[in-house]
Amino acid sequence: MDTKYIFVTGGVVSSLGKGIISASIGKLLQARGYKVTIQKFDPYINIDPGTLNPYEHGECYVTEDGFETDLDLGHYERFTGIHTTRNNSITTGRIYKTVIDRERRGDYLGKTIQVVPHITDEIKRQMLREGLDEGLDFVITEVGGTIGDIESAPFMEAIRQLRWQLGRDAVCVHLTYVPYLKAADELKTKPTQHSVKELQGMGIQPDILVLRTERHLSDAIRLKVASFCNVDLECVVQSEDMPSIYEVPVSMQKQGLDAAIMRKIGIPVGETPAMKPWQDFLDKQRNAIREVHVALVGKYDLQDAYKSIRESLNLAGIYNDVKVRIHFVNSQELTVENVATQLEGMAGIVICPGFGQRGIEGKIIAAEYARTHDVPTFGICLGMQMMVIEFARNVLGYKDANSAEMNPDTPHNVIDMMEEQKSITQMGGTMRLGAYECELVKDSRVYDAYGAKPRVSERHRHRYEFNNKYKEEYEQAGMKCVGINPAANLVEIVEIPDKRWYIGAQFHPEYSSTVLHPHPLFMSFIKACIKTTN
């Protein structure tokens with residue numbers, strides 16, 4: 001069949017969970033045997049979120065082909081298992097840059113360049129994924145922001161045009177909010193009505209409404225919304241608060257969201273798929289009672305800043321039949337005097353990634369405490385580098401050891417920049433990004449964790465590397481370099497074999513962990529944490 005297009009928009013307020021709904025739709029269509037991709041269009045002018053502070057936009061997710069993207073792509077991959085690329089993350093900045101570059105080359109033959117048609121045509125081209133031979137059945141497009149935002153207007157105009165051009169091959173799913181007013185003891189549908197009216201004013205009639213709510217909506221409320229918004233009753237579904245985001249696809253399936261989409265497009269609905277592997281996962285999640293406490297040592301006291309790490313820990317816990325209770329420990333506030341108190345009772349420690357000077361000494365203190373007290377510890381990217389610096393200072397005896405990122409004049413730059421990085425002047429998109437191969441040393445803990453695979457591929461996002469000049473000293477002192485990039489001979493993984501579980505990875509394993517395939521390093525780490533609590 002021809003490719004079908006689903007547009008997911010949001011109204012009333014932001015942070016309603018468009019990414020989760022988009023990922024859930026993708027999962028449900030996959031369960032019916034369709035080939036699906038999901039893409040995110042963000043209205044900000046940044047080329048990508050790579051240079052944004054996590055407080056601004058949450059974590060920066062990285063695709064296998066080395067593109068820095070919005071964190072919603074992490075949800076897409078975790079739910080569906082698809083591998084997204086740079087073609088799945090588009091910003092206003094990228095759209096305008098493409099159009100301006102073409103204008104400078106003279107591609108428009110002297111025409112006056114305008115938002116309509118030039119910007120909207122480029123948005124449409126990207127939404128249709130023109131030039132990509134993928135054989136897709138469905139393309140789900142989530143548009144960031146909220147209806148009514150001035151920066152979203154070109155995207156809405158592009159969707160309006162595509163709805164007209166594609167006919168039944170395109171469907172609009174609009175996510176809105178139904179608030180509960182405690183004083184009146186009522187759920188209010190007026191914000192949804194206004195949001196749909198705003199969308200209609202842009203020339204778009206939503207086919208399906210997903211009502212985000214903290215309380216169950218009666219059929220009478222759904223009928224009211226359907227009547228006032230010109231939407232079929234069966235196409236008004238509710239997205240209640242769930243114990244877990246992974247319950248959302250099942251809830252949407254029970255309410256017939258996927259069936260409603262197929263009917264709107266004109267595809268026979270058929271039987272509802274069982275989704276047994278997903279149901280098995282949810283059963284394990286519900287049955288996990290025992291708790292394991294893990295400290296997350298980082299500088300961003302914001303849940304979305306380490307979203308993929310948190311989800312990877314939770315997924316690994318579920319598959320090990322435990323609930324992982326994550327305790328954020330602010331590395332800026334961590335000192336030699338309070339580290340024992342801050343990390344007391346933790347079965348494991350994750351030293352988080354990041355950039356810049358702020359909070360690194362606290363991470364080094366956490367690494368020393370974990371190493372000397374034999375607490376299972378997982379250092380990721382900058383976290384791994386802090387483990388390396390701590391070892392140099394307190395085992396190798398280089399008290400002034402540091403990263404060239406933090407102190408360019410350090411005499412013992414155990415973490416340094418590669419030569420090819422030193423000439424780079426731009427910040428955005430210039431690091432070692434995307435998937436690189438890593439050869440594992442046999443009989444190491446990571447070799448066993450990966451199921452005795454000799455070589456793996458993992459995603460990176462960093463500029464500084466382990467300095468091979470010190471490699472022999474580290475190995476002789478007990479910190480082994482057990483993962484090496486074969487192309488550049490760069491150290492990817494370090495571990496201390498005589499500890500319970502003390503491993504640092506230069507890459508980001510959290511980007512590859514999915515609901516049905518949790519990452520082996522997180523699985524191994526949680527197993528070690530469980531053993532410490534026995």
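In this text, all values refer to a predicted model and were calculated from it rather than measured experimentally. Worth knowing before you read on, the calculation uses all heavy atoms, side chains too, and leaves out hydrogens, waters and symmetry mates.
- Salt bridge Glu390/Arg371: present, at least one basic N to carboxylate O contact under 4.0 Å.
- In this structure, the side chain of Ser24 engages the main chain of Ile20 through a donor-acceptor pair within 3.5 Å.
- Residues Glu439 and Tyr447 have side chains that never bring a donor and an acceptor to within less than 3.5 angstrom of each other.
- The existence of a salt bridge linking Glu240 and Arg212 is excluded, since no basic side-chain nitrogen approaches an acidic carboxylate oxygen closer than 4.0 Å.
- Under a 3.5 Å cut-off, the side chain of Gln30 and the backbone N or O of Thr80 do form a donor-acceptor pair.
- A salt bridge does not link Asp280 to Lys284: none of the charged nitrogens lies less than 4.0 Å from a carboxylate oxygen.
- Cation-pi contact between Arg94 and Phe67: present, with separation from the ring centre below 6.0 Å and deviation from the ring axis of at most 45°.
- A heavy-atom distance below 4.5 Å is not found between the side chains of Lys363 and Gln385.
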For this session: Just do the side-chain hydrogen bond (donor to acceptor under 3.5 Å, both in side chains) check on Arg358 and Gln332 with the steps written out, would you?
Result: CA-CA 7 Å; Arg358 185 166 63 88; Gln332 275 188 280; 2.6 Å; yes
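- When all heavy atoms of Ala23 and Ile38 are compared, the pair lying nearest together is CA-CD1, 3.8 Å.
- Panel note: side chain Thr532, backbone Ala347; a donor-acceptor pair is recorded below 3.5 Å.
- Using a distance-only test at 3.5 Å, with no hydrogens or angles considered, no donor-acceptor pair links the side chain of Asp301 to the main chain of Asn330.
- For the 3.5 Å distance criterion, the side chains of Trp501 and Thr377 fail to qualify, holding no donor opposite an acceptor.
- Under a 4.0 Å N-O distance rule, the pair Lys499/Asp374 does not qualify as a salt bridge.
- With 3.5 Å as the limit, one finds a donor-acceptor pair spanning the side chains of Glu142 and Tyr76.
- In this structure, the side chains of Val250 and Gln279 come closer than 4.5 Å at one or more pairs of heavy atoms.
- The six-membered or imidazole ring of Tyr319 lies away from that of His517, with a centre-to-centre distance of 6.0 Å or more.
- Across Tyr474 and Ala392, no two heavy atoms sit closer than the pair OH-CB, 3.2 Å.
- Ring geometry for Phe522 against His519 counts as perpendicular: the plane angle is over 60°, on a 0 to 90° scale with 30° as the lower cut.
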For this session: Could you go through the side-chain hydrogen bond (donor to acceptor under 3.5 Å, both in side chains) check for Tyr398 and Glu473 one step at a time?
Result: CA-CA 11 Å; Tyr398 299 133; Glu473 286 185 72; 2.5 Å; yes
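- Within the 4.5 Å cutoff, side-chain heavy atoms of Asn320 are placed close to those of Lys527.
- At least one side-chain heavy atom of Val494 sits under 4.5 Å from a side-chain heavy atom of Met384.
- Side chain of Glu59 to backbone of Ser308: a donor-acceptor contact under 3.5 angstrom is found.
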For this session: Mind running side-chain hydrogen bond (donor to acceptor under 3.5 Å, both in side chains) on Gln506 and Glu458 for me, showing each step along the way?
Result: CA-CA 10 Å; Gln506 183 61 83; Glu458 296 286 0; over 6 Å; no
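- You'll find the side chain of Ile21 stays beyond 4.5 Å of the side chain of Lys18, heavy atoms only.
- Counting only N and O atoms by type, the side chains of Gln39 and Arg129 include a donor and acceptor under 3.5 Å apart.
- A distance-only check finds no donor-acceptor pair linking the side chain of Glu77 to the backbone of Ser512 [under 3.5 Å].
- Proximity of Val297 to Leu334: side-chain heavy atoms (C-beta onward) are separated by under 4.5 Å at one or more points.
- Here side chain to side chain donor-acceptor pair (under 3.5 Å) pairs that include residues 286-300, with residues two or more places apart or in two chains, are Glu247-Arg286, Asp283-Arg286, Arg290-Thr533, Arg290-Asn534, Glu291-Arg325, His293-His327.
- Put simply, CG on Leu16 and OG1 on Thr176 are 7.5 Å apart, with the number rounded to the nearest 0.5 Å.
- Centroid-to-centroid, the aromatic rings of Phe378 and Tyr502 stay 6.0 Å apart or farther.
- Below 30°, between 30° and 60°, or above 60°: for Phe79 and Trp278 the angle between ring planes is between 30° and 60°, a tilted geometry.
- Going from atom CG of Leu313 over to atom CD1 of Ile326 covers 5.0 Å, rounded to the nearest 0.5 Å.
- By the 4.5 Å heavy-atom criterion applied to side chains, Lys40 and Asp42 are counted as neighbours.
- Between Ser513 and Ser312, the closest heavy-atom pair is CB-OG, 3.3 Å.
- At a threshold of 4.0 Å, the pair Lys471-Glu465 does not count as salt-bridged, since none of the basic side-chain nitrogens sits closer than that to a carboxylate oxygen.
- Atoms OG and CD1, on Ser403 and Ile389 in that order, are 5.0 Å from each other to the nearest 0.5 Å.
- A 6.0 Å sphere centred on CG of Leu516 holds more than 12 heavy atoms belonging to other residues, nucleotides or ligands.
- Judged by distance alone, the side chains of Thr341 and Asn338 never bring a donor and an acceptor atom under 3.5 Å apart.
- Atom CD1 of Ile493 and atom CD1 of Ile484 lie 9.0 Å apart (nearest 0.5 Å).
- Taking 4.0 Å as the cut-off between side-chain N and carboxylate O, Arg455 and Glu437 count as a salt-bridged pair.
- In this structure, Arg310 and Leu296 have side chains that are in contact, with non-hydrogen atoms separated by less than 4.5 Å.
- Side chains of Tyr470 and Glu475: a donor-acceptor N/O pair is absent below 3.5 angstrom, by distance only.
- Taken to the nearest 0.5 Å, the OG atom of Ser22 stands 9.0 Å off from the CD1 atom of Ile6.
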Exercise. Between Tyr436 and Phe507, is a ring-ring contact (aromatic ring centres under 6.0 Å, His included) present by the stated rule, with each step listed?
Worked result: CA-CA 9 Å; Tyr436 288 83; Phe507 49 80; over 10 Å; no
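- Checked by atom type, the side-chain pair Thr37/Asn88 shows a donor-acceptor distance below 3.5 Å.
- Remark: Arg393 fails to qualify as a cation-pi partner of Phe391 under the 6.0 Å distance and 45° angle criteria applied to the six-membered ring.
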For this session: Mind running side-chain hydrogen bond (donor to acceptor under 3.5 Å, both in side chains) on Glu510 and Tyr61 for me, showing each step along the way?
Result: CA-CA 10 Å; Glu510 69 272 21; Tyr61 190 79; over 6 Å; no
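- Note that CE of Met386 and CD1 of Ile351 are 9.5 Å apart. Values are rounded to the nearest 0.5 Å.
- In this structure, Arg461 pairs ionically with Glu68, as a charged nitrogen and a carboxylate oxygen lie closer than 4.0 Å.
- The minimum heavy-atom distance linking Val441 with Cys481 is given by the pair CG2-O, 3.8 Å.
- Side chain of Thr91 to main chain of Asn46: a donor-acceptor pair is present (N/O by atom type, distance under 3.5 Å, no hydrogens or angles).
- A donor-acceptor pair under 3.5 Å is absent between the side-chain atoms of Asp149 and the main chain of Glu151, judged by distance alone.
- Of the possible donor and acceptor atoms, one in the side chain of Asn485 sits under 3.5 Å from a partner among the backbone N and O of Ala488.
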For this session: Would you check, one step at a time, whether the test side-chain contact (heavy atoms from CB on, under 4.5 Å) holds for Thr69 with Val62?
Result: CA-CA 6 Å; Thr69 75; Val62 177; over 6 Å; no
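- A donor-acceptor distance shorter than 3.5 angstrom exists from the side chain of Glu495 to the backbone of Arg445, with no hydrogens or angles considered.
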